[in-house]
Amino acid sequence: MKYVNVVIDNNTDHTDNLYTYSCADDNVRVGSKVTVPFAMGNRIKEAYVIQTADQLTEEIKGLKAVDAVDPEISLSEEAVATCIWMKRQYLCRYIDAIKCFTPAGTSSKRGKIRTPYKDATGESSGGKALTPEQKNAVESIRPVIAAGEHNVFLIHGVTGSGKTEIYMKVIEECIGRGRTAIMMVPEISLTPQTIDRFIGRFGTEQIAVLHSKLSLGERYDEWMRIRRGEVKIVIGARSAIFAPLENIGTIVLDEEHETTYKSDMTPKYDAVEVAIRRAKKNHAVVLLGSATPSLVSSYKAEQGEYHKILLKERYNGTPLPDVEIVDMREELKQGNRSIFSVSLYEEIKKNLAEKRQVILFLNRRGYSTFVSCRSCGYVMKCKECGISLTYHKSRNEAVCHFCGHSEKVPVLCPDCGGKYIKHFGTGTEKVEEMTREIFPDYNIDRLDLDTTTKKGSIDKILNSFRKGKTNILIGTQLVAKGLDFSNVGLVGIISADITLNVPDFRSAERTFQLITQAAGRAGRGDRRGRVLIQTYHPDHYAILAAKDHDYDTFYQSESLLRRQLGYPPFSDLMQVVLSAEKEKDALELCRQIAEEFIRGVGEEERRYVLGPQAAPMNKIKGLYRYQLLIKCFPGKRKAYTKVLNNIRLKISTDRNAKYLISVDVNPYSFL
DNA sequence: AGCACGCCGACT
DNA sequence: GTCGGCGTGCTC
């Protein structure tokens, strides 16, 4: 007879505990899926085994027996350990974490033959010689794998430096040693080339591709294939980090800086952190690849926590594009009020005449307008937080979405005294319209969230661009992500200021990343490309560094600021959002939470609790939202999460509560 | 969440 | 007396 501690598959905080059962089946192990009788009616519930024991340490009143052990589905011990870690790390329930590791659907039965990746043509197997840089990179990783040690490598390689080839070589090395690998990409639909290359190299039999288009049945089958050990490599987006592989040797996260690796649904996990956690347990290496590593990763590399590998040269030797900054204040002075500067207009014309393609990039986060002076470029910023103030039309005030501070919009610019101080914003639709007006004889297409859902597929737009049918492609950040087209002569960044003025402490980092990534789309063939950045901030450090392809300078400036203001990577930010039907209730309870938190962690921590303040998206689905932001400095994580979790539990298990509470550790958006 | 226990008002 | 309201507490 064995005894097991299980987590019941109940969608509630009330039963987020371990329950002890006896179990007659000796096959039961940590990670087993079981069915158990639960509560008064002894209703049969699904449950997962977290611990096992041969003896009971204490008498348990009303001990029941496990009903059955599921012969098919089980988690590895490492997966269970990671679930326990996730519960602590992200303040979620056991079952939320477990659900990440289990297949959603049930078997599709039928016994039909699946086609793992239908569209895959499979690029003919590599064999291309490595550049010296690539070779060095692989050689510095190989011994770590050979020794079976854990390590994290941050591969900082310029756009087009051939990171994928390094990933494949390292994975090949792992497979050769009988181990497995996870290859993570930020968005599966935007990386068909990468997948093709992997399939071409390793073949479909030992690869599983997890993506959102799979039906529940297909997903289940794919999960079983992996769990049975038939698959050596799993490729996928965020959720693929939970692939039920054992003996993992390598986990690759391509474009590690991408925000898609952070989940915004419960559990609000960060796939980069989960990857490192799983890799540690598996004695595996992690490869974080990016042309623009996140500040957090670079900081960890600097601290010696990660091992940094630099790739300075592009694979085909084409030099990085020539980047020019266009000062839009000058354009205005010249009387040009259109969204196109003279230089950009001329440059587009020239490229079209030379039959080269043009990408126009604009990250229109439409709702968020900012307040700026058109003559001198002054932008209203919060004195406390150093981030841009957002214009609120109803209140006619500029508000800090971080600390809640607000002020009237001045009539005259406090910097230059000019009267052109206004809030404004332009979207991609407007850019498309105006481009059509100016260049009526060319094929113009748009790639953003609206067009990709409306027209059905990203593929259609990308294919027509790839074939050269589209002359000008206008888009949001989607166009900046990993498109590899050789005939792009020009990338025009319509307004770098849009991302720069987003009310978020990461706005400079994102701007630098977006410009660098967008610029990387230019000149990937044999001819050098050109990039034009239009901005009212030609002197901003993020823009200047992006122009010079100078990551180090950007990193130095930005980390200095972060250190001064106590933002990540020097702290963890914890966001607590409280929603209620009445605005007063939301504010009041948020205030109480702040006090309770401070009581829990000590009065001296009060200065690290910001708020309460109305959340930037003040009202969602009829509920008013107020938030707290807590800066959690090193060494305090455990104490903070403990107190916060108790508060969260108290509110979420209160039955007459008309409140919703959500906690997000290091959110990627503060909306 | 779901379900029982239990302590008050309205009813055959 | 006793039927049923929903506030409170527990589920191995």
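Note on naming: letters A, B, ... go to the chains in the order of the sequence lines (proteins, then strands), and numbering restarts at 1 for each one.
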Practice prompt. Starting from P on B/dA1, measure out to CZ on A/R43 and report it in whole angstrom.
Written response: 14 Å
Between protein and nucleotides 10-12 of chain C, what N or O pairs are separated by less than 3.5 Å?
from: C/dT11; atom 1: OP1; to: A/K61; atom 2: NZ; distance (Å): 3.0
from: C/dT11; atom 1: O3'; to: A/A39; atom 2: N; distance (Å): 3.2
from: C/dC12; atom 1: OP1; to: A/Y21; atom 2: OH; distance (Å): 3.2
from: C/dC12; atom 1: OP2; to: A/A39; atom 2: N; distance (Å): 3.4
from: C/dC12; atom 1: OP2; to: A/K64; atom 2: NZ; distance (Å): 2.1
from: C/dC12; atom 1: O3'; to: A/T20; atom 2: O; distance (Å): 2.6
from: C/dC12; atom 1: O3'; to: A/K64; atom 2: N; distance (Å): 2.8
from: C/dC12; atom 1: O2; to: A/T20; atom 2: N; distance (Å): 2.8
from: C/dC12; atom 1: O2; to: A/T20; atom 2: OG1; distance (Å): 3.4

Worksheet item: Salt bridge check: are A/D9 and A/K99 linked by an N-O gap of less than 4.0 Å?
Response: yes
Worksheet item: Is there a donor-acceptor pair under 3.5 Å between the side chain of A/T35 and the backbone N or O of A/K45?
Response: no
Discussion item. Going by the rule ring-ring contact (aromatic ring centres under 6.0 Å, His included), which residues pair with A/Y269 if we only count those two or more places apart in sequence or in a different chain?
Written reply: A/F242
Worksheet entry | Note: A/E596-A/R599 ion pair, threshold 4.0 Å (strictly below) | no
Fill in: Verdict with reasoning, A/Y19 to A/F38, per ring-ring contact (aromatic ring centres under 6.0 Å, His included)
CA-CA 10 Å; A/Y19 293 92; A/F38 191 67; 5.1 Å; yes
Item to complete: Specify the separation, in whole Å, of atom CD1 of A/I44 and atom P of B/dA1.
Response: 22 Å
